[in-house]
Amino acid sequence: MPVTKPDYSTGFSTTTNLDAGTYSVTQIADGLSIPKYDYIALTYVPSGSDGAGEIQTVTYKTGGSGGITVGALLLGYDASNRLSTVTRTA
């Protein structure tokens with residue numbers, strides 16, 4: 001299935017062929033993309049938890065540290081402290 005996605009940084013579009021039924025058009029177009037931002041805040045997994053000391057959330061903002069959140073990623077870890085999931089939460 002050909003899917004076309006705009007590349008906002010260049011102003012052009014790219015087309016990718018994917019196996020039918022693997023992803024919806026919305027998943028391809030949105031994915032984990034984050035709008036333009038100028039600030040990133042990180043939080044870390046507390047000690048005593050799976051992934052202790054690793055990055056837990058990545059928050060993207062526009063307008064500096066007190067600005068508007070434009071996207072966020074939640075990172076999950078398994079019992080061996082390996083990255084196991086990435087979820088866009090905002």
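These numbers come from a predicted model, not from an experiment.
- Summarising the geometry, atom OG1 belonging to T62 is positioned 10.0 Å from atom NZ belonging to K36; distances are rounded to the nearest 0.5 Å.
- Among all heavy-atom pairs drawn from A52 and P46, the shortest one is CB-O, 3.6 Å.
- Taking a 6.0 Å sphere around CD1 of I68, one finds it holds 12 or fewer heavy atoms contributed by other residues, nucleotides or ligands.
- Placement of L74 and L83 in two distinct hydrophobic clusters is found when ILVMFWY residues are connected by side-chain heavy-atom separations under 4.5 Å, directly or transitively.
- Going from atom OH of Y77 over to atom CZ of R82 covers 13.0 Å, rounded to the nearest 0.5 Å.
- Y60 is not listed as a side-chain neighbour of T69, based on a closest heavy-atom distance of 4.5 Å or more.
- By the criterion of side-chain heavy atoms lying less than 4.5 angstrom apart, applied directly or through intervening Ile, Leu, Val, Met, Phe, Trp or Tyr residues, Y39 is not grouped with L73; the two fall into different hydrophobic clusters.
- The shortest side-chain heavy-atom distance between I40 and V58 falls under the 4.5 Å cut-off.
- For the atom pair L75 CG and T57 OG1, the distance stands at 7.5 Å (nearest 0.5 Å).
- With a 6.0 Å radius and a threshold of 12 heavy atoms from other residues, nucleotides or ligands, Y37 has its OH atom at or below the threshold.
- Here the shortest heavy-atom pairing between D78 and S84 reads N-OG, 3.7 Å.
- Taken to the nearest 0.5 Å, the NZ atom of K61 stands 13.5 Å off from the CD1 atom of I34.
- Of all the heavy atoms in S33 and R88, the pair that sits closest is O-NH1, 2.8 Å.
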